[in-house]
Amino acid sequence: VQLQASGGGLVQAGGSLRLSCAASGRTFNGYGVGWFRQAPGKEREFVAAVSSGGSTYHADSVKGRFTISRDNAKNTVYLQMNSLKPEDTAVYYCAARNFLGVVITRSGYDYWGQGTLVTVSS
């Protein structure tokens, strides 16, 4: 499966963005999908994940501000980001695994998108 992340950009602190992760090559239905991010000089960290059945899990750092969701009919997973902070600045990556549950570790994913840059200005 090929993943294409999009929706990044420059936004002021307190603003919102919605990232999209579109899959091609095969149906997304049986895949768990996650979002990770990597800030300059830092390791890639888990942000949120959604199971094939729609169960979600969010990192504590984004809980209450970010929401992951999926639209299987469109083969797309979204990350709605509200109340953005400068520390949310990073390249955001989506990843997928042919697995029914929620996966929160980098090593748990088999497929990765190319990343989309989110910059939050103060």
Side-chain angles (χ1 to χ4, degrees):
V1 62
Q2 292 80 44
L3 304 177
Q4 179 75 36
S6 62
L10 174 64
V11 64
Q12 288 188 332
S16 298
L17 283 174
R18 188 177 77 160
L19 306 184
S20 298
C21 177
S24 60
R26 61 180 61 189
T27 181
F28 223 9
N29 290 14
Y31 285 75
V33 179
W35 284 98
F36 290 75
R37 65 186 181 186
Q38 188 166 17
K42 294 188 176 181
E43 292 189 354
R44 194 171 300 187
E45 65 174 2
F46 170 78
V47 175
V50 59
S51 73
S52 61
S55 297
T56 62
Y57 186 85
H58 298 80
D60 287 343
S61 58
V62 306
K63 202 169 292 184
R65 300 187 299 122
F66 292 10
T67 302
I68 190 171
S69 63
R70 66 189 301 155
D71 185 338
N72 287 337
K74 295 184 178 180
N75 251 18
T76 301
V77 169
Y78 303 99
L79 184 68
Q80 178 66 44
M81 305 187 297
N82 299 328
S83 303
L84 282 161
K85 304 175 182 179
E87 52 262 43
D88 295 318
T89 295
V91 177
Y92 284 71
Y93 299 88
C94 62
R97 177 180 175 179
N98 190 353
F99 181 70
L100 298 180
V102 170
V103 182
I104 65 172
T105 59
R106 287 176 54 185
S107 61
Y109 287 94
D110 300 314
Y111 306 96
W112 289 84
Q114 85 291 358
T116 184
L117 177 62
V118 172
T119 303
V120 184
S121 63
S122 56

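For reference, positions follow the sequence shown, starting with 1.
- Proximity of R65 to M81: side-chain heavy atoms (C-beta onward) are nowhere separated by under 4.5 Å.
- Taking CG of N29 as the reference point, atom CG of N75 lies at 7.0 Å (rounded to 0.5 Å).
- Between the side chain of R70 and the main chain of S51, a donor-acceptor pair closer than 3.5 Å is present.
- Interatomic distance, R37 CZ to E45 CD, rounded to the nearest 0.5 Å: 4.5 Å.
- Sorted by first and then second residue, the ring-ring contact (aromatic ring centres under 6.0 Å, His included) pairs with a member in residues 13-37 read F36-F46, F36-Y109, F36-W112; sequence neighbours excluded.
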Atom pairs and distances, side-chain donor-acceptor, residues 115-122, under 3.5 Å, sequence neighbours left out:
| residue | atom | partner | partner atom | Å |
| --- | --- | --- | --- | --- |
| T116 | OG1 | G8 | N | 3.0 |

**Study point:** Test log, rule side-chain contact (heavy atoms from CB on, under 4.5 Å), inputs L84 and F66
**Key:** CA-CA 9 Å; L84 282 161; F66 292 10; 3.7 Å; yes
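- Within 6.0 Å of NZ in K63 there are more than 12 heavy atoms belonging to other residues, nucleotides or ligands.
- V91 and V62 end up in different hydrophobic clusters when Ile, Leu, Val, Met, Phe, Trp and Tyr side chains are linked at under 4.5 Å.
- H58 contributes a side-chain N or O that, together with a main-chain N or O of I68, makes up a donor-acceptor pair within less than 3.5 Å.
- Atom CG of N98 sits about 7.0 Å away from atom OH of Y111, to the nearest 0.5 Å.
- Here the closest non-hydrogen pair linking V103 and R97 is CG2-CD, 4.4 Å.
- Note on Y92 and V77: same hydrophobic cluster, where clusters join Ile, Leu, Val, Met, Phe, Trp and Tyr whose side-chain heavy atoms are under 4.5 Å apart, directly or indirectly.
- Among all heavy-atom pairs drawn from A13 and P86, the shortest one is CB-CD, 4.1 Å.
- One distance of note links CD of Q4 with OG1 of T76; it measures 11.0 Å at 0.5 Å rounding.
- Hydrophobic clustering (ILVMFWY, side-chain heavy atoms < 4.5 Å, transitive): V11 and L79 are in one cluster.
- Cluster membership check: L19 shares its hydrophobic cluster with L3, using side-chain heavy-atom separations under 4.5 Å among Ile, Leu, Val, Met, Phe, Trp and Tyr.
- Closest of all the heavy-atom pairs between G7 and L17 is O-CD2, 3.9 Å.
- Within the structure, the disulfide bond (SG atoms under 2.5 Å apart) test picks out the following pairs touching residues 53-122 (sequence neighbours left out): C21-C94.
- Within the 3.5 Å criterion, the main-chain N or O of A5 finds a donor-acceptor partner in the side chain of Q114.
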